[in-house]
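Only one structure is covered here, and it is reproduced in the block below.
Residue numbering restarts at 1 for every chain, and letters A, B, ... go by the order of the sequence lines. What you see is a predicted model; the values in this text were computed from it and never measured.
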Protein chains: 2
Amino acid sequence: MEKIIHRYKGKGFKLTPQRLAILKFLEGNNEHPTADEIYTGLKNDYPTLSVATVYNTIETLRDRGEIAEVTIDPERKHFDPNTTPHHHIICMECKRIADIFEDYTSEIALPQEVVEEFSVAGNHIDFYGVCRECRG
Amino acid sequence: MEKIIHRYKGKGFKLTPQRLAILKFLEGNNEHPTADEIYTGLKNDYPTLSVATVYNTIETLRDRGEIAEVTIDPERKHFDPNTTPHHHIICMECKRIADIFEDYTSEIALPQEVVEEFSVAGNHIDFYGVCRECRG
DNA sequence: TACTACCTTAGAACAATTCTATTATAATAT
DNA sequence: ATATTATAATAGAATTGTTCTAAGGTAGTA
């Protein structure tokens, strides 16, 4: 909490109670919540919190590079407070997303014609599988 | 055209003019069109074609494994008639998507705890970059 | 040629997200 | 402390991408 306040103070970022709540919700959260999950997870404690505020805050944080958008689930966007480059695996049954902290950059050499056509900024691997719980 | 007809005849798949048009539109198309782009690309020739039919046909083809859903663009789904496993790179400016036919599976060994938790079915790499045209 | 299961259609419905206009408030300067 | 101001929060409308619904149409087959 103190850490969060310290991190956002005096950087053209107003620390409102709503933002603080969202930041606290995301801090160390490795569940990759959606906007709606953030909203639902907070609305009991902050009954007047609006979805718009969640989206606004998410957008601000994303634009500042404080959180990452996870696109592995085609149905909705998930968010990840861990901005260290890493990969994801999604359970095709329950849609749970887990992190994979492994850097494969040196292993995945791109063909020359791609390197010539694109200046490559990064990569992200989506793995697809079924988690133990869903296999029974 | 003959090839397409031959491929879908007698497999519980009715070859309607609309479906034939969509199949023809997709055949060999490596532009990764969205549902709307398929619709827009055909509606001059098929003025009564409805968006629903495009979505229905896409869904049927996807379920039959004839086309693949490409999720690299968080804003909309793209479709790829090439179902050979391959990867994609998206230009972060113009959102154009290009194919990368390279198999990195043997290079990307997953950490043991992931392999224990998930039975892994596949992977897909998203590369991010800027294409030559967008760099000027 | 007639049947029937499947398909097409327009439009409504829906879900995720963004926008708008208004009110509120955190940060800052006084 | 207080006033100021730029920024944020809110509800709800709007937008976008996609799916559903109910009615009529048609490809495949018998």
For [X], give me all partners under salt bridge (charged side-chain N to carboxylate O under 4.0 Å, His left out), at least two apart in sequence or on another chain.
X	answer
A/Asp73	A/Arg76
B/Arg96	A/Glu117
B/Glu102	none
A/Glu69	A/Arg62

How long is the line joining [atom1] of [X] and [atom2] of [N], in whole Å?
X	N	atom1	atom2	answer
A/Tyr39	D/dA9	OH	P	14 Å
A/Arg62	C/dT18	CZ	C1'	12 Å
B/Glu59	D/dT19	CD	C1'	9 Å
A/Glu37	C/dA16	CD	C1'	13 Å
A/Leu15	D/dA8	CG	P	11 Å
B/Phe79	D/dG17	CZ	P	13 Å
A/Leu23	D/dA9	CG	P	10 Å
B/Ile5	D/dA27	CD1	P	12 Å

Below 3.5 Å between N/O atoms, which protein atoms pair up with nucleotides 5-8 of chain C? Just atom names and distances, please.
residue, atom, partner, partner atom, Å
C/dA5, N3, B/Lys14, NZ, 3.1
C/dC6, O2, B/Lys14, NZ, 3.3
C/dC7, OP1, B/Arg19, NH1, 2.8
C/dC7, OP1, B/Arg19, NH2, 3.2
C/dT8, OP1, B/Thr16, OG1, 2.4
C/dT8, O3', B/Gln18, NE2, 2.8

Next on the checklist: Does a side-chain N or O of B/Tyr55 approach OP1 or OP2 of D/dT19 to a distance below 4.0 Å, or not?
Outcome noted: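 No, B/Tyr55 has no side-chain N/O under 4.0 Å of OP1/OP2 on D/dT19.
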Item to check | All ring pair (Phe, Tyr, Trp, His ring centres under 6.0 Å) counterparts of A/Phe101, not counting sequence neighbours | outcome: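 Partners of A/Phe101 by the ring pair (Phe, Tyr, Trp, His ring centres under 6.0 Å) criterion, ordered by chain and then number, come out as A/His86.
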Item to check | Partner residues of B/His32 under the ring pair (Phe, Tyr, Trp, His ring centres under 6.0 Å) criterion, sequence neighbours left out | outcome: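 In terms of ring pair (Phe, Tyr, Trp, His ring centres under 6.0 Å), with neighbours along the sequence ignored, B/His32 is linked to B/His88.
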Under 3.5 Å, which protein N or O atoms sit close to an N or O of nucleotides 2-4 of chain D? Give each pair with its distance.
none

Checklist entry - Counting heavy atoms not belonging to A/Gln112, are there more than 12 under 6.0 Å from its CD? => result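 No - once you tally the heavy atoms of other residues, nucleotides and ligands closer than 6.0 Å, there are 12 at most.
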Checklist entry - Hey, mind stepping through A/Asp126 and A/His124 against side-chain hydrogen bond (donor to acceptor under 3.5 Å, both in side chains) and telling me if it holds? => result CA-CA 7 Å; A/Asp126 292 334; A/His124 178 269; 3.2 Å; yes
Item to check | Cation over ring face, A/Arg19 and A/Tyr8, 6.0 Å, 45° | outcome: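 Verdict for A/Tyr8: no cation-pi partner in A/Arg19.
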Item to check | Selection: residues 68-76 of chain B, any non-hydrogen atom under 4.0 Å of DNA chain C | outcome: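 Heavy-atom cutoff 4.0 Å gives no residues at all.
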Checklist entry - Can you list the residues that meet the side chain to side chain contact (heavy atoms under 4.5 Å, CB included) rule with B/Ser50, with sequence neighbours excluded? => result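 Checked B/Ser50 against side chain to side chain contact (heavy atoms under 4.5 Å, CB included); matches are B/Ala52, B/Thr53.
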Checklist entry - How would you list, by chain and number, every residue that makes a side chain to side chain contact (heavy atoms under 4.5 Å, CB included) with A/Thr105, sequence neighbours excluded? => result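 Listed in chain order: A/Asp103, A/Asn123.
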Item to check | Result of checking B/Thr34, B/Ile22, B/Val54 against B/Tyr39 for side chain to side chain contact (heavy atoms under 4.5 Å, CB included) | outcome: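 Exactly one option meets the side chain to side chain contact (heavy atoms under 4.5 Å, CB included) with B/Tyr39, and it is B/Val54.
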Checklist entry - Just how large is the angle between the end axes of the helix from C/dT1-D/dA30 to C/dT30-D/dA1, five pairs per end, to 10 degrees? => result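 If I round to tens, the end axes sit 30° apart.
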Item to check | Trace of the side chain to side chain contact (heavy atoms under 4.5 Å, CB included) decision for A/Ile89 with B/Val114 | outcome: CA-CA 9 Å; A/Ile89 182 162; B/Val114 174; 4.2 Å; yes
Next on the checklist: Please tell me whether A/Tyr104 and A/His87 form a close aromatic pair, meaning their ring centres lie under 6.0 Å apart.
Outcome noted: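 Distance test on ring centres: under 6.0 Å, yes.
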